[in-house]
K.L.:
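Before we start, here is the structure in question, set down as structure tokens.
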There are 2 protein chains.
Amino acid sequence: MSKDANGSLEVMQNVADNLRRARLEQGYSQELLASRAGISRRMLVNIEAGESNASIATVDKLASALGLSFVEVVRPPSLADKAQALPLRIWQGEQADSHASLLESVLKPGVTLELWRWQLAAGDSYHAEADAPGCHEVLYVLQGSLQVQLVQQSHTLQAGQSLTFASDQVYSYHNRGAVACAFTKNILIYPHVGQNPEQ
Amino acid sequence: MSKDANGSLEVMQNVADNLRRARLEQGYSQELLASRAGISRRMLVNIEAGESNASIATVDKLASALGLSFVEVVRPPSLADKAQALPLRIWQGEQADSHASLLESVLKPGVTLELWRWQLAAGDSYHAEADAPGCHEVLYVLQGSLQVQLVQQSHTLQAGQSLTFASDQVYSYHNRGAVACAFTKNILIYPHVGQNPEQ
DNA sequence: GTGTGCTGTGAAATATAATGCACAAATTAC
DNA sequence: GTAATTTGTGCATTATATTTCACAGCACAC
């Protein structure tokens, strides 16, 4: 149930914050919003103070009066509108045309998603260790062709083709073509599986 | 406020449906869930029937007892659920150069990752509804330039640049350049957390 | 058939959400 | 400075959410 120091629920605090922010953004006074929502100002004061255990209907009235959906009023602050300016880790192969960079990384409780930009020089290859259990990679070839060698099978992709595979096993990339191969790669990582993100 | 035929709120019906589904998935009886949540069975019956205007606290107790977050109990059925049914969806804009296809879809308990290939003709744009709560998109521009308009901010990306943003809000893509814009897009979806060992 | 567990319904009692009003404190405008 | 507006607080009253029973229907097992 996760209460805060004052004994009020996390959800209530979210409702309080979201409502107040939206109300001020739209330039409403408590008086005006309350009347438009059809509730008493007293109630609105309590809710915005996080001191009221409002009913679904009451919160919904306020959401509507502000032109918001119920969920928008209720949801916790999202950790990421952070349009991150690239952290950028890099792997650099022996050939100049072979390298990889981490473009984006989405961190959520229980899951991580990374977006990588890869490039392999003609004839070059890359041997990877097994990722953590449960990991998946999603490849999308931008240019050239790429052979992905898994334990029991291999796939060859041309530009515009994609592939999903479990990366919790050894695998390798091979560029057997005559031109450099470029591709994007997403890694879906599970720190722990089968857990409830009780936040 | 959007009521349904029976005069009950949409939100209430969502709560009702989500709770009942989760409860059955986890094999709880009303009796058991009610006692674990610390509320009366009578109340649970009413809520599941969509006939009760419950308070935030009551819904939160039930959410916790089921190992769900408040938002998961409250939210409307998401497009994510439908996405799982369809193998390959395609959007075709009015102009020939504007279209989107679903290339890959990774389904794991609690998370879905989709890889999309998008293209917008010069001057074209696309307005999207909000995705399910908690959703994130990761864009990577292959060609041309793309403006991503969020509620409170907008970003312009050139080829080779990427962007991560929370897509549980309305947003839109604009190609303000003179050439077609191509980009890949990953969606990280949190459908539900109903991980049940049995069933 | 009987017994058992799960689910819906009714009604009275209780807890509490929600209202309305009066008033103080802070803020802004003049 | 005063006046006007907005916001927070206390309290009695009303509305209703929530509880606690008791009972009926329904399925399934023995």
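Every chain is numbered from 1 and lettered A, B, ... according to where its sequence line falls, protein lines coming before strand lines. In this text, all values refer to a predicted model and were calculated from it rather than measured experimentally.
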K.L.:
CD of B:E31 versus C1' of C:dT7: gap in Å, rounded?
P.N.:
11 Å
K.L.:
Looking at C:dT19, D:dT18, D:dT7, which one has an atom nearest to any side-chain atom of A:Q30?
P.N.:
D:dT7
K.L.:
Grab the NZ-C1' distance between A:K61 and D:dT16 for me, whole Å please.
P.N.:
12 Å
K.L.:
Considering only side-chain heavy atoms of A:V45, which listed nucleotide, D:dT9, C:dA18, D:dT18, is closest?
P.N.:
D:dT9
K.L.:
Starting at the 5' end of DNA chain C and moving along, which residue's nearest nucleotide shows up first, B:R20 or B:N53?
P.N.:
B:R20
K.L.:
Phosphate oxygens OP1/OP2 of D:dA17: is one of them under 4.0 Å from a side-chain N or O of B:T58?
P.N.:
no
K.L.:
Quick one: is C:dT9 close enough that its OP1 or OP2 comes under 4.0 Å of any side-chain N or O from B:R41?
P.N.:
no
K.L.:
Which whole-number value in Å describes the distance from B:E48 CD to C:dT9 P?
P.N.:
12 Å
K.L.:
Please state how far atom CG in A:L32 lies from atom C1' in D:dT7, giving the value in whole angstrom units.
P.N.:
14 Å
K.L.:
For the residue pair A:S172 / A:H174, report whether a side-chain donor-acceptor contact shorter than 3.5 Å exists.
P.N.:
yes
K.L.:
Against A:L62, only a single residue in A:V73, A:I47, A:V15 fulfils side-chain contact (heavy atoms from CB on, under 4.5 Å); can you say which?
P.N.:
A:I47
K.L.:
What nucleic acid atoms does A:A49 come within less than 4.0 Å of, heavy atoms only: base, sugar-phosphate, or nothing?
P.N.:
nothing
K.L.:
What is the distance, rounded to the nearest whole Å, between atom CD1 of B:I56 and atom C1' of C:dT16?
P.N.:
15 Å
K.L.:
Please pick, from D:dT18, C:dT19, C:dT9, the nucleotide with the shortest atom-to-atom distance to any side-chain atom of B:A54.
P.N.:
D:dT18
K.L.:
Mind checking whether B:W118 and B:L139 have side chains closer than 4.5 Å, heavy atoms only?
P.N.:
no
K.L.:
Measure the distance from CE on A:M43 to P on C:dT16 and round it to the nearest whole Å.
P.N.:
14 Å
K.L.:
Under 4.0 Å between a side-chain N or O of A:R42 and OP1 or OP2 of C:dC23?
P.N.:
no
K.L.:
Choosing from D:dT18, C:dT7, D:dT7, which nucleotide comes nearest the side chain of B:S55?
P.N.:
D:dT18
K.L.:
Would you kindly give the CZ-to-P distance between A:R23 and D:dT5, to the nearest whole Å?
P.N.:
17 Å
K.L.:
Will you find, in the side chains of B:N14 and B:E10, an N or O donor that is under 3.5 Å from an N or O acceptor?
P.N.:
no
K.L.:
Quick check: B:F183 with B:Y173 (ring centres under 6.0 Å apart)?
P.N.:
yes
K.L.:
Take atom CG of B:L44 and atom C1' of C:dC6, then tell me their distance rounded to the nearest Å.
P.N.:
12 Å
